[in-house]
Peer 1: 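Input: one structure, supplied below.
Reckoned from all heavy atoms, side chains included, excluding hydrogens, waters and symmetry mates. Along the sequence shown, the residues carry numbers beginning at 1.
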Amino acid sequence: MLENKKIAFIGPGAMAEGMIAGLIRNHLAQPSTLSVAGPRGERGDELVQRYGIKYYANNHDAAHEADLVVLSVKPQRLERVLKGLQNSIRPNALVLSIVAGAPIQKITTGLLHSRVVRCMPNTPAMIGEGITVWTSAPDVDAEQLEMARTFLTALGEEVYVEEESYLDMATALSGTGPAYVFLFMEAMVDAGVHLGFPRRIAEQLVAQTVRGSVDYYRKRLDPVHLARLRNEVTSPGGTTAAALYFLEKAGFRTAISRAVWAAYERSQELGKGGKSHSPEQTSASNDY
Ligand SMILES: NC(=O)c1ccc[n+]([C@@H]2O[C@H](COP(=O)([O-])OP(=O)(O)OC[C@H]3O[C@@H](n4cnc5c(N)ncnc54)[C@H](OP(=O)(O)O)[C@@H]3O)[C@@H](O)[C@H]2O)c1
């Protein structure tokens, strides 16, 4: 429980709602201690009715009384929001940012406030099944680190890293990761339909195969390399071997490696100010 800490969400969008739902579902916070601020009254009313929390039309009103201020606006809005929040945050309050690609230094200088935690969650956080990689500025004290850790458990697993450079890597791997998984699943479902399955059945087969495979990997008592699990389903001259041959021939691993690297480079670029780009401008795509 976050011990009656007041938590304000600046930016009442999808991620903020996922966090609010997780905090309440896991009895980590009382609705009366939570507030959101954003420009659209209808969205505020929706969250008030759904969760019994407070809504403010003005960011300052939510932030100035909070112990924990969560920045959950889109990256394009961040600069203006930081400027508007200068002098709104109590000196001992903790600011926790989930804004993709926004370095800690941008937030500390934008807010004139040094107690900042930067996080990279992912969308399964909406149902408490996410994974968040996070780090902190030097002025965040031990109690605030524990507060941040407890807060993040509402979203699923959390991994603290000492160096901020890991945040761009996490953005490319776990932050963007659900998109790779969904694309892979979509391709499998389409292949199932191509074979002749009704789409509904293809979707069920694929979703449970992915879920079951993940559980089979993670719930084993003996940690095992993924390649061993793959070998278990690959009999000599069999169906899996025939399929894997084509995946390797198509450069499946390289495509994934290059895609993750491209996301990493883009995350670094956005952190430096986000210049415009063409689809194949990253060095990760140079050898295509
Ligand atoms: N979605 C993900 O997978 C994911 C993963 C990791 C990190 N993130 C980060 O999480 C952040 C939020 O993402 P999201 O998907 O929740 O976005 P979202 O649904 O668009 O939420 C952003 C919210 O901010 C509000 N807003 C706009 N201008 C504002 C202002 N000046 N002051 C206060 N609130 C304002 C928006 O209101 P209106 O709708 O009225 O404009 C909206 O409710 C982003 O920075 C993103 O990088 C997202």
Peer 1: Kindly compute the distance separating CG (L111) from CG (L78), expressed to the nearest 0.5 Å.
Peer 2: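 Separation between the atoms: 8.0 Å.
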Peer 1: Tell me if a side-chain donor or acceptor on D141 pairs with a main-chain N or O of E143 at a distance below 3.5 Å.
Peer 2: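 Confirmed, D141 side chain pairs with E143 backbone.
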Peer 1: Assess whether side-chain contact (heavy atoms from CB on, under 4.5 Å) is satisfied between L68 and M147, documenting all intermediate values.
Peer 2: CA-CA 9 Å; L68 175 58; M147 177 164 71; 4.3 Å; yes
Peer 1: Do you reckon F184 sits in the same ILVMFWY cluster as L244, going by side-chain contacts under 4.5 Å, direct or chained?
Peer 2: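 Looking at the clustering, L244 is in the same group as F184.
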Peer 1: Please tell me if the side chains of L23 and F151 come closer than 4.5 Å, counting only heavy atoms from C-beta onward.
Peer 2: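 They are in side-chain contact.
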Peer 1: How many angstroms lie between atom OG of S174 and atom CE of M169, to the nearest 0.5 angstrom?
Peer 2: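 Those atoms lie 12.0 Å apart.
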Peer 1: Give the minimum heavy-atom separation between A154 and L28, together with the two atoms involved.
Peer 2: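 Minimum heavy-atom contact is CB-CD1, 3.7 Å.
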Peer 1: Before accepting this row, confirm whether a basic side-chain N of the pair E129/R25 lies closer than 4.0 Å to the acidic partner's carboxylate O.
Peer 2: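 So E129 does not pair with R25 through a salt bridge.
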Peer 1: May I ask you to check whether over 12 heavy atoms, not counting those of Y166, lie within 6.0 Å of atom OH?
Peer 2: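 No, because the 6.0 Å sphere around OH of Y166 holds 12 heavy atoms or fewer from other groups.
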Peer 1: More than 12 heavy atoms of other residues, nucleotides or ligands under 6.0 Å from CD of Q208: is that the case?
Peer 2: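 Yes.
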Peer 1: Applying the side chain to side chain contact (heavy atoms under 4.5 Å, CB included) test to R211, which of T209, D215, V214 qualifies?
Peer 2: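 Going through the options one by one, the only one that passes is D215.
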Peer 1: Show the nearest heavy-atom pair for residues I107 and A102, with the distance to one decimal.
Peer 2: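 Of all heavy-atom pairs spanning I107 and A102, the closest is CD1-O, 4.0 Å.
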Peer 1: Walk me through it: do V95 and I89 pass the test side-chain contact (heavy atoms from CB on, under 4.5 Å)?
Peer 2: CA-CA 8 Å; V95 173; I89 296 170; 3.7 Å; yes
Peer 1: Under a 4.0 Å N-O cut-off, is there an ion pair linking E265 with R258?
Peer 2: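 Result for this pair is no, no salt bridge flagged.
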Peer 1: Any chain of hydrophobic side-chain contacts (each under 4.5 Å) joining Y217 to V206?
Peer 2: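 Per the 4.5 Å side-chain linkage, Y217 and V206 are not co-clustered.
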Peer 1: Of all heavy-atom pairs between S88 and G84, which one has the smallest distance, and what is that distance?
Peer 2: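 Shortest heavy-atom contact: OG-O, 3.8 Å.
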Peer 1: Distance only, no hydrogens: is a donor on one side chain within 3.5 Å (strictly under) of an acceptor on the other, for Q49 and Y55?
Peer 2: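 Judged by distance alone, the side chains do not pair up.
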Peer 1: Taking C-beta and beyond as the side chain, do V48 and K54 meet within less than 4.5 Å on heavy atoms?
Peer 2: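 Of all side-chain heavy-atom pairs linking K54 with V48, none is under 4.5 Å.
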Peer 1: Are any non-hydrogen side-chain atoms of D67 and I7 less than 4.5 angstrom apart?
Peer 2: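 A side-chain contact under 4.5 Å is absent here.
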Peer 1: Scan P75, S72, C119 and name whichever one has a side chain to side chain contact (heavy atoms under 4.5 Å, CB included) with V99.
Peer 2: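 The single option meeting the side chain to side chain contact (heavy atoms under 4.5 Å, CB included) with V99 is P75.
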Peer 1: Are E203 and M185 packed together at the side-chain level, in the sense that at least one heavy-atom pair is separated by less than 4.5 angstrom?
Peer 2: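 Answer no - side chains too far apart.
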Peer 1: In terms of hydrophobic clusters joined by side-chain contacts under 4.5 Å, are Y180 and F252 together?
Peer 2: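 They do share one cluster, since a chain of ILVMFWY contacts under 4.5 Å joins Y180 to F252.
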Peer 1: Would you compute the distance between atom OG of S136 and atom CD of E164 and round it to the nearest 0.5 angstrom?
Peer 2: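 So the OG of S136 and the CD of E164 are separated by 10.0 Å.
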Peer 1: Between R90 and E65, does any side-chain N to carboxylate O distance fall below 4.0 Å?
Peer 2: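 No, no charged N to carboxylate O under 4.0 Å.
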Peer 1: Would you confirm whether E158, through its side chain, and V133, through its main-chain N or O, come within 3.5 Å as a donor-acceptor pair?
Peer 2: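 Here the side-chain-to-backbone pair does not exist.
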Peer 1: Is it the case that more than 12 heavy atoms not belonging to R220 sit under 6.0 Å from its CZ atom?
Peer 2: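 More than 12 within 6.0 Å, yes.
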Peer 1: Other hydrophobic cluster members with I127, side-chain heavy atoms of Ile/Leu/Val/Met/Phe/Trp/Tyr under 4.5 Å, chained?
Peer 2: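 Joined to I127, directly or through intermediates: none.
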Peer 1: Would you kindly say whether Y51 and E46 are connected by a side-chain donor-acceptor distance under 3.5 Å?
Peer 2: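 E46 and Y51 do not have a side-chain donor-acceptor pair below 3.5 Å.
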Peer 1: Are the side chain of H113 and the backbone of A93 linked by a donor-acceptor contact shorter than 3.5 Å?
Peer 2: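 The answer is yes, because a donor-acceptor pair under 3.5 Å joins these two groups.
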Peer 1: Using the rule that two of Ile, Leu, Val, Met, Phe, Trp, Tyr join whenever any of their side-chain heavy atoms come within less than 4.5 Å, decide whether V210 and L205 are in one cluster.
Peer 2: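 Unlinked, V210 and L205 end up in two clusters.
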Peer 1: Is I53 reachable from L96 through a run of hydrophobic residues whose side-chain heavy atoms are each under 4.5 Å from the next?
Peer 2: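 In one cluster: yes.
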Peer 1: For the atom pair CD (Q86) and NE2 (H60), what is the distance rounded to the nearest 0.5 Å?
Peer 2: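 If we round to the nearest 0.5 Å, Q86:CD and H60:NE2 are 13.0 Å apart.
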Peer 1: Has the side chain of T135 got a donor or acceptor atom that lies under 3.5 Å from a matching backbone atom of V161?
Peer 2: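 Present.
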Peer 1: Which label fits W134 and Y160: parallel for a plane angle under 30°, tilted from 30 to 60°, or perpendicular past 60°?
Peer 2: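 The arrangement is perpendicular - the two ring planes meet at more than 60°.
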Peer 1: Taking the side chain as every heavy atom from C-beta outward, state whether R115 and N92 have any atom pair closer than 4.5 Å.
Peer 2: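 R115 vs N92: side chains touch.
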Peer 1: Is any side-chain heavy atom of L173 less than 4.5 Å from a side-chain heavy atom of Y264?
Peer 2: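 No, every pair of side-chain atoms sits at 4.5 Å or beyond.
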Peer 1: Is there a donor-acceptor contact under 3.5 Å from the side chain of T33 to the main chain of K6?
Peer 2: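 Pair absent, no side-chain N/O of T33 close to backbone of K6.
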Peer 1: Below 4.5 Å, heavy atoms only, C-beta onward: do L195 and V193 meet side chain to side chain?
Peer 2: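 L195 vs V193: side chains apart.
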Peer 1: Got a second to check how far T150's OG1 is from K5's NZ, nearest 0.5 Å?
Peer 2: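 Reported value, rounded in 0.5 Å steps: 10.5 Å.
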Peer 1: Using a 3.5 Å distance criterion without hydrogens, assess whether the side chain of S267 forms a donor-acceptor pair with backbone atoms of A263.
Peer 2: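 Between the backbone of A263 and the side chain of S267 there is no qualifying donor-acceptor contact (under 3.5 Å).
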Peer 1: Walk me through it: do E232 and L229 pass the test side-chain contact (heavy atoms from CB on, under 4.5 Å)?
Peer 2: CA-CA 5 Å; E232 272 181 15; L229 297 181; 4.0 Å; yes
Peer 1: Can you name the nearest heavy-atom pair linking I98 to M19, along with the distance?
Peer 2: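 For I98 versus M19, the nearest heavy atoms are CD1-CE, 3.6 Å.
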Peer 1: Please report the C-alpha distance between L85 and L71 in whole Å, then the side-chain angles of each, then the deciding distance to 0.1 Å, and finally whether the side-chain contact (heavy atoms from CB on, under 4.5 Å) criterion is met.
Peer 2: CA-CA 11 Å; L85 281 174; L71 299 174; 3.9 Å; yes
Peer 1: Enumerate the ring-ring contact (aromatic ring centres under 6.0 Å, His included) contacts for residues 188-214, please, sequence neighbours excluded, ordered by first and then second residue.
Peer 2: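 As it turns out, there is no ring-ring contact (aromatic ring centres under 6.0 Å, His included) pair with a partner in residues 188-214 once direct neighbours are skipped.
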Peer 1: Is atom CZ of R230 surrounded by more than 12 heavy atoms (other residues, nucleotides or ligands) closer than 6.0 Å?
Peer 2: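 Enclosed: over 12 neighbouring heavy atoms sit under 6.0 Å from CZ of R230.
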Peer 1: Please report the interatomic distance CZ(R118) to OG1(T132), rounded to the nearest 0.5 Å.
Peer 2: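 OG1 of T132 is found 13.0 Å from CZ of R118.
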Peer 1: So which heavy atom on A8 is nearest to which on A62, and how close?
Peer 2: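 For A8 and A62, the tightest heavy-atom pair comes out as CB-O, 3.3 Å.
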Peer 1: Under a 3.5 Å distance rule, please check whether T108 uses its side chain to pair with a backbone N or O of I104 as donor and acceptor.
Peer 2: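 Indeed, once roles are kept as given, a pair shorter than 3.5 Å links the two residues.
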Peer 1: Taking C-beta and beyond as the side chain, do M15 and P121 meet within less than 4.5 Å on heavy atoms?
Peer 2: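 Yes. Closest side-chain heavy atoms under 4.5 Å.
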Peer 1: Give a yes or no on whether E248 atom CD has more than 12 heavy-atom contacts from other residues, nucleotides or ligands under 6.0 Å away.
Peer 2: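 Buried by this count: over 12 neighbours within 6.0 Å.
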Peer 1: Considering non-hydrogen atoms only, spot the tightest contact between A63 and V69 and give its length.
Peer 2: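 What the structure gives for the nearest pair is O-CG2, 4.0 Å.
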